Amino acid sequence: MAAPKEAAVGPLVGAVVQGTNSTRFLVFNSKTAELLCHHQVELTQEYPKEGWVEQDPKEILQSVYECIARTCEKLVEVNIDISNIKAIGVSNQRETTVVWDKLSGDPLYNAVVWLDLRTQSTVEILSKKIPGNNNFVKSKTGLPLSTYFSAVKLRWLLDNVTKVQKAVEEGRALFGTIDSWLIWSLTGGVNGGVHCTDVTNASRTMLFNIHSLEWDKELCDFFDIPMEILPKVWSSSEVYGQMKSGVLEGVPISGCLGDQSAALVGQMCFQEGQAKNTYGTGCFLLCNTGRKRVFSEHGLLTTVAYKLGKDKPVCYALEGSVAIAGAVIRWLRDNLEIVSTSDEIETLAREAGTSYGCYFVPAFSGLYAPYWEPSARGIICGLTQFTNKCHIAFAALEAVCFQTREILDAMNRDCGIPLSHLQVDGGMTNNKILMQLQADILHIPVIKSVMPETTALGAAMAAGAAEGVGVWSLEPEDLTAVMMERFEPQIQATESEIRYCTWKKAVMKSMGWVTAQSPDCGDPSIFSSLPLGFFIVSSMIMLIGARHLSGLLD
């Protein structure tokens with residue numbers, strides 16, 4: 001018990017990490033960046049229809065309260081005074097969209113998750129309104145028109161949910177990404193809750209001008225979204241308000257970053273050209289471009305990296321987004337039941353040692369960067385009679401690495417200077433087979449932080465450094481060096497290229513499966529236009545075939 005007491009000398013900072021699959025609360029020593037304690041709660045996801053992904057905002061909020069309470073209980077058990085927690089940072093899954101009633105505090109619909117595909121027809125309708133020679137949406141936001149971002153999700157809610165429509169008409173509706181919902185609720189909710197977001201989350205909505213750092217009227221008019229329901233935009237590091245209930249009542253919430261920006265800060269990628277890749281539900285590679293807005297010609301996004309103080313400069317990043325990374329492991333566990341725990345995937349993959357020519361394209365939500373192809377769907381190809389679950393497990397891990405390679409190639413072309421190594425973080429980096437595969441497929445070293453909770457660390461750094469808190473210095477000479485583990489490529493570059501080329505071939509086969517215009521062959525309504533004779537002849541053929549088969553069996 002003595003070690004935790006000694007580690008707790010100096011102010012502490014807490015970090016809420018609200019992810020797609022779970023919520024965590026973590027407490028760090030602001031002087032050493034040491035993680036002292038944490039608690040995690042897994043979340044449920046709802047799939048009301050094919051391609052729809054939702055979560056209960058109340059469950060998300062309750063999970064935050066539970067994680068804070070349990071973490072504080074654990075600290076007390078080891079004699080750490082929770083009054084030393086001087087600030088709280090918030091990091092969140094980005095793009096996930098919530099609309100709630102500011103008078104009752106109740107969500108007006110489930111949170112529509114970033115992975116959700118229901119807005120594909122909305123995207124197709126809107127894309128026809130953009131002049132071919134003047135994509136003002138991308139030039140203002142740095143984003144392609146896609147189901148991924150919040151504006152089209154909000155547009156769907158306004159078009160399809162009566163409770164949302166009525167609340168907007170009556171001036172009761174508030175919109176926000178998960179950070180806004182949490183901060184508003186934690187700072188009082190209906191009793192004076194602060195309705196805000198930070199520049200990193202705002203930049204993922206497709207309503208935010210990344211040049212002026214303001215909500216853009218032309219964009220709001222294009223999506224037909226009332227500006228009065230939008231949160232106020234703040235920097236990523238300032239006091240937004242205080243906790244109004246629970247064991248940490250009165251503690252300021254003073255940091256807010258979208259999860260990938262938080263990881264960039266936690267990896268201390270503060271210099272132009274530094275990059276990190278986070279392996280979570282999806283996979284996100286960000287390269288710091290400093291104060292320059294670099295617009296990609298190879299399918300990447302231009303986004304706000306961070307603004308660490310209201311009077312501090314904004315920094316930008318190039319980002320490559322992969323929809324499905326860790327989610328493929330969860331799919332193998334929950335849908336195919338190949339494994340009973342996510343950790344078993346490494347054991348299966350090690351047993352196989354190869355995919356035996358099997359390739360897995362997990363395009364469950366279409367393909368994000370660099371393709372932005374919503375018509376793609378997941379495929380497993382190259383199967384033979386020898387293929388077993390071990391090979392499929394290996395192919396799933398390879399898929400994460402191949403998708404990262406595609407993004408890295410695009411980033412190298414956009415930046416002009418190829419990355420010499422890749423810094424990585426996220427839960428999946430505990431998988432040593434995955435990390436070695438990644439180094440082999442990229443053919444550059446992969447460098448993993450020994451402390452994988454860099455997203456939480458980034459949120460804590462932003463909170464602790466805020467004006468009025470000032471317990472965490474972001475000066476280069478004060479930043480704690482992070483211990484790293486290094487993975488070197490162990491295969492020939494030619495072998496890496498052959499495997500990568502075969503992967504690209506599999507990706508091409510995954511595309512074009514779904515279009516909004518094409519009828520679903522499973523939809524009985526497509527038969528309504530067929531002539532009666534079609535059904536009579538079909539029935540006769542089936543009857544004759546059945547009698548013939550019966551004779552053969554007799």
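The basis for the numbers below is simple: all heavy atoms, side chains too, and nothing from hydrogens, waters or symmetry mates. The shown structure was predicted, so the numbers you read here are calculated from the model rather than taken from an experiment.
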Q. Are the side chain of Ser203 and the backbone of Ile210 linked by a donor-acceptor contact shorter than 3.5 Å?
A. no

Q. Can you tell me if Thr404 uses its side chain to pair, donor with acceptor, with the backbone of Val400 under 3.5 Å?
A. yes

Q. Can any side-chain N or O of Thr281 pair as donor or acceptor with the backbone N or O of Ala327 at less than 3.5 Å?
A. no

(Q) Does the plane of the ring in Tyr500 sit parallel, tilted or perpendicular to the ring in Phe402? Use 30° and 60° as the thresholds. (A) parallel

Q. Could you go step by step and tell me if Gln120 and Glu124 meet the side chain to side chain donor-acceptor pair (under 3.5 Å) rule?
A. CA-CA 6 Å; Gln120 183 51 38; Glu124 291 177 7; 3.1 Å; yes

(Q) Between Glu272 and Lys292 (salt bridge meaning N to carboxylate O under 4.0 Å), is one present in this structure? (A) yes

Q) Between Arg24 and Glu453, is there a salt bridge with N-O shorter than 4.0 Å? A) yes

Q. Between Glu398 and Arg499, is a salt bridge (Lys or Arg N to Asp or Glu O under 4.0 Å) present by the stated rule, with each step listed?
A. CA-CA 10 Å; Glu398 269 194 322; Arg499 284 157 66 177; 2.6 Å; yes

Q: For residues Ala369 and Gly299, report the shortest heavy-atom separation together with the two atoms involved.
A: CB-O, 3.6 Å

Q: Check whether any side-chain N or O of Ser510 sits under 3.5 Å from a backbone N or O of Val361 as a donor-acceptor pair, and report yes or no.
A: no

Q: For the pair Phe223 and Leu154, evaluate side chain to side chain contact (heavy atoms under 4.5 Å, CB included) and give the outcome as yes or no after the intermediate values.
A: CA-CA 9 Å; Phe223 290 103; Leu154 180 53; over 6 Å; no

Q) Between the side chains of Asn201 and Asn92, does any donor sit under 3.5 Å from an acceptor? A) yes

Q) How close do Leu419 and Asn412 get, heavy atom to heavy atom, and via which atoms? A) N-OD1, 3.0 Å

Q) Are Lys276 and Leu285 close enough, and set up right, to give a side chain to side chain contact (heavy atoms under 4.5 Å, CB included), and what steps lead you there? A) CA-CA 6 Å; Lys276 69 88 205 172; Leu285 178 54; 5.9 Å; no

Q: Calculate, to the nearest 0.5 Å, the distance between atoms OG1 and CG belonging to Thr455 and Leu257 respectively.
A: 10.0 Å

**Q.** Derivation and outcome, ring-ring contact (aromatic ring centres under 6.0 Å, His included), residues Phe364 and Trp331
**A.** CA-CA 10 Å; Phe364 302 153; Trp331 182 80; 5.0 Å; yes

Q) Roughly how far, to the nearest 0.5 Å, is OG1 of Thr200 from CG of Asp198? A) 3.0 Å

Q. In terms of side-chain geometry, is the basic nitrogen of Glu346 or Arg350 positioned less than 4.0 Å from the acidic oxygen of its partner?
A. yes

(Q) Closer than 3.5 angstrom, by distance alone: can the side chain of Glu406 be matched with the main-chain N or O of Gly320 as a donor-acceptor pair? (A) no

Q.
Side chains of Asp343 and Thr341: any donor to acceptor distance under 3.5 Å?
A. no

Q) Which atom names give the shortest non-hydrogen contact between Cys287 and Met411, and what distance separates them? A) CB-SD, 3.3 Å

Q.
Test side chain to side chain contact (heavy atoms under 4.5 Å, CB included) on Val304 and Tyr316; report intermediate values, then the result.
A. CA-CA 4 Å; Val304 175; Tyr316 296 90; 4.1 Å; yes

Q.
Assess, by modelled atom type and distance only, whether the side chains of Glu319 and Ser321 contain a donor and an acceptor separated by less than 3.5 Å.
A. yes

(Q) What I want to check is whether the side chains of Ser296 and Asp414 have a donor and an acceptor closer together than 3.5 Å. (A) yes

Q.
Would you compute the distance between atom CG of Asp425 and atom CD1 of Ile447 and round it to the nearest 0.5 angstrom?
A. 13.0 Å

(Q) Any non-hydrogen side-chain atom of Ile130 less than 4.5 Å from a side-chain atom of Val137? (A) yes

Q | Ile444/Ser420 under side chain to side chain contact (heavy atoms under 4.5 Å, CB included): CA gap, chis, key distance, verdict | A | CA-CA 6 Å; Ile444 59 173; Ser420 60; over 6 Å; no

**Q.** Charged tip of Arg94 within 45° of Phe284 ring normal and under 6.0 Å
**A.** yes

**Q.** Lys140 and Glu218, any side-chain heavy atoms less than 4.5 Å apart
**A.** yes

Q. Once the angle between the rings of Trp215 and Phe208 is folded into 0 to 90°, is it parallel (under 30°), tilted (30 to 60°) or perpendicular (over 60°)?
A. perpendicular

Q) Should the pair Lys505 and Trp503 be classed as cation-pi, given the thresholds of under 6.0 Å to the six-membered ring centre and 45° from the axis? A) no

Q. Is a side-chain donor-acceptor pair under 3.5 Å present for Thr20 with Trp114?
A. yes

Q: Check Trp184, Trp100, Trp234 against His195 for a ring-ring contact (aromatic ring centres under 6.0 Å, His included) and give me the one that passes.
A: Trp100

Q.
Do Phe487 and Gln438 have side chains that approach each other closer than 4.5 Å (heavy atoms only, starting at C-beta)?
A. no

Q) For atom NZ of Lys138, is the number of surrounding heavy atoms from other residues, nucleotides or ligands below 6.0 Å larger than 12? A) yes

Q.
When you measure from the side chain of Arg204 to the backbone of Glu95, do you find a donor-acceptor pair of N or O atoms at a distance under 3.5 Å?
A. no

Q) Distance-only, no hydrogens or angles: does the Lys232 side chain make a donor-acceptor pair with backbone N or O of Thr197 under 3.5 Å? A) no

Q) Which pair of non-hydrogen atoms, one from Pro445 and one from Glu488, has the smallest distance, and what is that distance? A) CG-OE1, 3.5 Å

**Q.** Working for side chain to side chain donor-acceptor pair (under 3.5 Å), residues Ser340 and Glu344
**A.** CA-CA 7 Å; Ser340 56; Glu344 287 178 35; 2.4 Å; yes

Q | Separation of Thr44 OG1 from Ile60 CD1 (nearest 0.5 Å) | A | 9.0 Å

(Q) Salt bridge or not between Glu50 and Arg377? Use side-chain N to carboxylate O under 4.0 Å. (A) no

Q. For Ala462, does its backbone N or O pair with a side-chain atom of Ser237 as donor and acceptor, under 3.5 Å?
A. yes

Q. Any side-chain donor-acceptor pair under 3.5 Å between Ser150 and Thr205?
A. no

Q: Check whether any side-chain N or O of Gln274 sits under 3.5 Å from a backbone N or O of Phe270 as a donor-acceptor pair, and report yes or no.
A: yes

Q. Is the backbone N or O of Val113 less than 3.5 Å from a side-chain atom of Thr96, with the two atoms forming a donor-acceptor pair by type?
A. no

Q. Could Lys504 and Glu497 be called an ion pair, given the rule that one side-chain N must be under 4.0 Å from one carboxylate O?
A. no

Q: Report the distance from atom OH of Tyr306 to atom SG of Cys269, rounding to the nearest 0.5 Å.
A: 8.5 Å

Q: Could you tell me which non-hydrogen atom of Ile491 sits nearest to which non-hydrogen atom of His443, and how far apart they are?
A: O-CE1, 2.8 Å

Q: Report yes or no: do Gln93 and Gln18 form a side-chain donor-acceptor pair below 3.5 Å?
A: yes

Q.
If you count heavy atoms of other groups shown closer than 6.0 angstrom to OH of Tyr356, is the number above 12?
A. no

Q: In sequence, state the C-alpha distance, the side-chain angles, and the governing distance for Glu46 and Asn110, and then conclude on side chain to side chain donor-acceptor pair (under 3.5 Å).
A: CA-CA 9 Å; Glu46 299 176 26; Asn110 271 346; 3.1 Å; yes

Q) Salt-bridged, Lys49 to Glu54, with N to O below 4.0 Å? A) no

Q) Are Asp56 and Lys58 close enough for a salt bridge, meaning some N to O gap below 4.0 Å? A) no

Q: Any chance you could measure Asp334, atom CG, to Gln45, atom CD, to the nearest 0.5 Å?
A: 9.5 Å

